[in-house]
Amino acid sequence: MTAGRRALRVASLGAALLLWQVLTSLDVNLWLRFEQFPTAVEVARKLAERATAGPYWEDLGASLSRIVTGFALAAVLGVAAGTAIARSRIAADVLGPLVEVLRPVPAIALVPVAILLFPSNEQGIVFITCTAAFFPVLVSTRHAVAALSPVWEEAVLTMGAGRRRVLFSVVLPGALPGVFGGLSVGIGVSWICVISAEMISGEYGVGYRTWQDYTVVDYPGVFVGMVTIGALGWLTSTAVERAGRRLTRWLPARDTAPGSAPLPRPARRKGPIGANGRPAPPPPAAGVLSSPDREDAP
């Protein structure tokens, strides 16, 4: 990424913070009501105060632990199930209907089920987080595996490779771009559901603390929780995307890849211009006559 693009992104965030400060400090009330909102300066002071206390970091660590555990389980199970459904008719017939029935159900609607099913709230929150990320990963993996060209697999089979070698050398590497697309979506959905689950049934965590601040009308604390959630989501999604780029280095470079500078164009050939506006052909080698002056052989 070029320095100009970095500066533009920083300026965008700075402009948003400045607009927030202006609207809240002036108590603007034009259909949207900002008089009850804390200013950006008040939220920054509250964040600095919370950052020096232990409970803030304990809540942050608890939410991160739940996200990492649930998302890791969802990644493993989603990739395995998606690959099986795409490559096995039996798996498609057995698992496909269950997936299509359960996939539209919001993960947050499973909170009562998790409370009844698991012996502790911690396990229930991890279950909800895993369920939220599982279906995006499964669907993306299924489509990525199904879209692979059969030529690659046939080429490996002709060289005597077995089914396991085909799976780990052709199918999974070829489906990685689609798999990481599902992982990027899944990590964002996981944060939405883990925060909601912490608000409903949690005893600690960023979501639990944010809801407690709302119940005691501590609006700067509520916005501290929102800022923390946004920062954690940004960091985790960036980590997933960078891992995807590292594991798919074999993909051809793109001129317009997001976050990267355009590739340089090849240099134009310099030389005399012919009558038709195109570069003139190179002169013949020494000792070789051009076709009009070439002497015919006897």
Side-chain angles (χ1 to χ4, degrees), residues 1-10 12-13 64-65 67-88 91 129-130 132-192 194 230-268:
M1 185 186 302
T2 61
R5 295 190 62 185
R6 290 194 184 93
L8 181 59
R9 295 188 177 191
V10 172
S12 174
L13 291 175
L64 274 177
S65 175
I67 279 289
V68 170
T69 305
F71 182 72
L73 290 173
V76 174
L77 296 176
V79 171
T83 304
I85 292 174
R87 293 184 58 82
S88 171
T129 306
C130 176
F134 171 75
F135 290 106
V137 176
L138 183 149
V139 173
S140 297
T141 303
R142 181 183 65 185
H143 288 297
V145 172
L148 290 176
S149 174
V151 176
W152 298 354
E153 183 174 347
E154 293 170 359
V156 176
L157 289 174
T158 57
M159 293 185 288
R163 298 182 63 181
R164 181 177 298 181
R165 182 66 180 273
V166 171
L167 177 64
F168 289 100
S169 299
V170 177
V171 176
L172 292 180
L176 272 182
V179 170
F180 272 96
L183 292 175
S184 297
V185 176
I187 191 66
V189 179
S190 295
W191 274 111
I192 295 173
V194 73
L232 292 175
W234 182 22
L235 291 175
T236 51
S237 62
T238 301
V240 171
E241 292 176 1
R242 290 192 175 183
R245 287 198 296 266
R246 181 175 293 273
L247 292 176
T248 56
R249 293 190 303 266
W250 45 268
L251 286 174
R254 296 167 53 187
D255 291 351
T256 57
S260 61
L263 296 177
R265 295 183 178 180
R268 290 187 176 183

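Of the residues Thr129, Ile187, Val76, the one that meets the side chain to side chain contact (heavy atoms under 4.5 Å, CB included) test with Phe71 is Ile187. Checking Val185, Leu183, Val189 one by one against Val137, the side chain to side chain contact (heavy atoms under 4.5 Å, CB included) holds for a single residue, Leu183.
Here the shortest heavy-atom pairing between Ala133 and Gly186 reads CB-O, 3.6 Å. Nearest heavy atom pair, residue Ala74 against residue Cys130, reads CB-O, 3.4 Å. Between Thr141 and Val79, the shortest heavy-atom distance links the atoms CG2-O, 3.7 Å. Here the closest heavy-atom approach between residue Ala86 and residue Arg142 is recorded as CB-O, 3.6 Å. Minimum heavy-atom separation, Ala175 to Val145: CB-CG2, 3.8 Å. The two residues Pro136 and Ala132 make their nearest non-hydrogen contact at CD-O, 3.3 Å.
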Derivation of the side-chain contact (heavy atoms from CB on, under 4.5 Å) call for Arg242 and Arg245: CA-CA 5 Å; Arg242 290 192 175 183; Arg245 287 198 296 266; 3.3 Å; yes
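The structure places CG of Leu167 at 4.5 Å from CG of Leu172, a figure rounded to the nearest 0.5 Å. In this structure, NE2 on His143 lies 9.5 Å from CG on Leu138, to the nearest 0.5 angstrom.
Residues Phe180 and Leu247 form a side-chain contact, since some pair of their non-hydrogen atoms from C-beta on lies under 4.5 Å apart.
Here the side chain of Thr236 pairs a donor or acceptor atom with the backbone of Gly233 at under 3.5 angstrom. A donor-acceptor pair under 3.5 Å links the side-chain atoms of Thr69 to the main chain of Ser65, judged by distance alone. For Arg87 (side chain) and Ala84 (main-chain N/O), no donor-acceptor pair under 3.5 Å exists by modelled atom type. For the pair Thr83 (side chain) and Ala80 (backbone), a donor-acceptor distance under 3.5 Å is absent.
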